[in-house]
Number of protein chains: 2
Amino acid sequence: MRKVERQRIIRQLLDEHDVEKQEDLVALLDHADIKVTQATISRDIKDMQLVKVPSPSGGYRYSLPAQQAMDTEKKLKRTLYDAYVSLDVQDYFIVLKALPGNGTAIATLIDQMNFDGAFGTIGGDDTVLIIAKSADDAQHLYQTLLDLLEQ
Amino acid sequence: MRKVERQRIIRQLLDEHDVEKQEDLVALLDHADIKVTQATISRDIKDMQLVKVPSPSGGYRYSLPAQQAMDTEKKLKRTLYDAYVSLDVQDYFIVLKALPGNGTAIATLIDQMNFDGAFGTIGGDDTVLIIAKSADDAQHLYQTLLDLLEQ
DNA sequence: GCTGAATAAAAATTCAAA
DNA sequence: TTTGAATTTTTATTCAGC
């Protein structure tokens with residue numbers, strides 16, 4: 001009945017108001033004639049993966065999820081979809097070829113993905129070199145990237 | 001124990017361990033012979049803008065700031081301030097040494113800075129290798145980084 | 001300024017119920 | 001499965017001291 005809609009409203013409220021604590025949400029929802037207790041808000045926050053962010057100016061603010069990893073993966077997939085040319089593995093190294101101008105961006109995204117077994121990444125104009133911690137890691141990373149390309 | 005160093009260690013601990021509550025950090029730091037109380041950790045968390053992220057699998061986890069309000073240069077300066085060890089230039093290359101665990105992050109930040117004359121950056125655990133497009137570019141980049149360190 | 005001890009405040013969970 | 005009331009647990013702050 002209620003939970004999904006309440007959570008949708010919570011998202012809007014977070015956008016429109018400074019929410020410093022869960023009781024603030026209880027009060028804001030009350031204004032919208034939605035009566036819930038702090039316990040329910042606590043559960044919603046867990047459900048929705050909201051975070052309480054300390055603000056530099058002192059105080060705290062609840063905010064929408066930090067899906068950094070998801071966003072990066074999405075960006076990487078899209079960039080690869082647009083610019084991918086080839087992928088090869090040899091020893092500790094993976095070489096990804098892309099359309100000119102895309103190497104640095106892809107390298108940065110791969111870095112941000114923090115792949116297991118990746119030692120470092122270097123991006124040129126149309127080439128990305130990924131150095132793995134071992135040849136095994138390189139093979140595994142190669143497969144991970146192939147999987148990413150197929151999705 | 002200085003605050004800055006403790007906070008640097010906290011960053012590393014967050015990377016290496018699942019920290020579900022502030023007392024976990026108190027215990028982890030205690031293990032490293034750093035005695036602080038929960039009150040201090042609470043203040044550190046506010047300082048560092050760490051967030052307690054609800055995990056989909058239930059439970060919570062403290063993590064580094066999701067959407068850092070800081071721009072890349074500020075982040076880079078702060079990271080270098082905390083983790084910088086040395087900087088050297090030779091031919092096309094600049095080698096930056098940092099405290100263990102910081103190489104990849106610094107490399108990514110330097111990449112994101114899009115410095116003129118930088119060809120690519122590779123970050124290991126405690127070393128960052130910056131490859132310039134020419135020896136002149138390397139010299140110039142070296143000076144740019146030194147300037148950044150002095151600010 | 002930075003910190004710990006004590007405390008207040010806030011958030012998470014338990015339990016019973018719908 | 002969802003919820004509120006009560007409770008426990010966790011976190012933030014106050015206050016004193018350094």
Side-chain angles (χ1 to χ4, degrees), chain A residues 1-66, chain B residues 1-69 77-78 81-83:
Chain A
M1 179 265 287
R2 288 260 250 335
K3 199 172 87 163
V4 171
E5 186 181 354
R6 183 183 60 239
Q7 295 193 351
R8 204 198 71 233
I9 293 172
I10 288 174
R11 247 172 261 128
Q12 295 175 348
L13 289 172
L14 288 178
D15 233 30
E16 295 159 9
H17 300 82
D18 272 11
V19 175
E20 298 192 327
K21 53 190 180 188
Q22 300 186 357
E23 292 290 356
D24 290 350
L25 274 179
V26 174
L28 287 166
L29 286 168
D30 182 78
H31 283 313
D33 272 322
I34 299 170
K35 315 291 186 191
V36 285
T37 61
Q38 175 267 325
T40 296
I41 298 300
S42 175
R43 294 181 191 110
D44 282 340
I45 282 168
K46 191 170 188 175
D47 265 15
M48 303 167 71
Q49 293 179 251
L50 303 181
V51 293
K52 187 186 184 183
V53 187
S55 82
S57 44
Y60 297 83
R61 192 149 313 157
Y62 274 98
S63 106
L64 295 165
Chain B
M1 179 61 55
R2 280 180 5 265
K3 194 172 86 164
V4 171
E5 186 179 356
R6 183 183 61 239
Q7 295 192 350
R8 202 197 72 231
I9 293 171
I10 287 174
R11 255 173 252 127
Q12 294 175 347
L13 289 172
L14 288 179
D15 231 33
E16 293 160 10
H17 299 82
D18 270 15
V19 176
E20 299 192 328
K21 52 190 182 189
Q22 300 184 0
E23 291 290 357
D24 290 350
L25 274 178
V26 174
L28 286 166
L29 286 168
D30 181 80
H31 211 258
D33 272 320
I34 299 170
K35 314 291 185 191
V36 286
T37 60
Q38 175 266 327
T40 295
I41 297 300
S42 175
R43 294 181 192 111
D44 282 341
I45 282 169
K46 190 169 187 175
D47 264 15
M48 303 166 71
Q49 294 179 251
L50 302 182
V51 293
K52 187 186 185 183
V53 187
S55 79
S57 46
Y60 297 84
R61 183 173 190 186
Y62 274 98
S63 108
L64 297 167
Q67 315 137 319
Q68 187 88 264
K77 272 190 204 166
R78 179 174 172 174
Y81 179 78
D82 291 341

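Here is the naming used below: chain letters follow the sequence lines, and residue numbers restart at 1 for every chain.
Note: CG (B/D44) to P (D/dA12) measures 11 Å, nearest angstrom. Atoms CG (B/D24) and P (D/dT9) sit 15 Å apart, rounded to a whole Å. We find that CG of B/L25 is positioned 14 Å from P of C/dG4, with the value rounded to whole Å. We find that CD of B/E20 is positioned 10 Å from P of D/dT11, with the value rounded to whole Å. In this structure, the CZ atom of B/R61 is 20 Å from the C1' atom of D/dT11, given to the nearest Å. Rounding to whole angstrom units, CD1 of residue A/I45 and P of C/dA10 are separated by 13 Å. Counting to the nearest Å, the P atom of D/dT9 and the NZ atom of B/K21 are 9 Å from each other. In this structure, CG of A/D47 is placed 13 Å from C1' of C/dA12, rounded to the nearest angstrom.
The side chain of B/T37 lies closest to C/dG4, out of C/dT3, C/dG4, D/dT11. Residue B/Y62 places its side chain closer to D/dT11 than to any other of D/dT11, C/dA11, D/dA5. Checked against D/dG4, D/dT2, C/dT3, the side chain of B/R6 finds its nearest nucleotide in C/dT3. The nucleotide whose nearest atom lies closest to any side-chain atom of A/K46 is, among C/dT13, C/dA12, C/dT14, C/dT13.
A/Q22 has a side-chain polar atom (N or O) that falls below the 4.0 Å cut-off from OP1 or OP2 of C/dA12. Close to C/dA11, at under 4.0 Å from its OP1 or OP2, lies no side-chain N or O of A/S42. Between A/Y60 and the phosphate of D/dT13, there is a side-chain N or O to OP1/OP2 separation shorter than 4.0 Å. Contact check, A/R43 against D/dT1: no side-chain N or O comes under 4.0 Å of OP1 or OP2. Contact annotation: B/K52 reaches the phosphate of D/dT11 (side-chain N/O to OP1 or OP2, under 4.0 Å). Between A/T40 and the phosphate of D/dG4, there is a side-chain N or O to OP1/OP2 separation shorter than 4.0 Å.
For the side-chain contact (heavy atoms from CB on, under 4.5 Å) with A/R61, the qualifying choice from A/D18, A/L14, A/V19 is A/D18, the only one to do so.
Every residue meeting the side-chain contact (heavy atoms from CB on, under 4.5 Å) condition with A/R6, not counting sequence neighbours, appears here in chain and number order: A/R2, A/K3, A/I10, A/L29, A/I34, A/V36, A/T40, A/D44.
Between the base of C/dA10 and the side chain of A/Q38 there is no donor-acceptor pair shorter than 3.5 Å.
From A/L64, atom CG reaches atom CE of A/M48 across 7.0 Å, with rounding to the nearest 0.5 Å. To the nearest 0.5 Å, the span separating CD on A/Q38 from CD1 on A/I41 amounts to 8.5 Å.
Using a 4.5 Å cut-off on side-chain heavy atoms (C-beta onward), B/Q7 and B/V4 make no contact.
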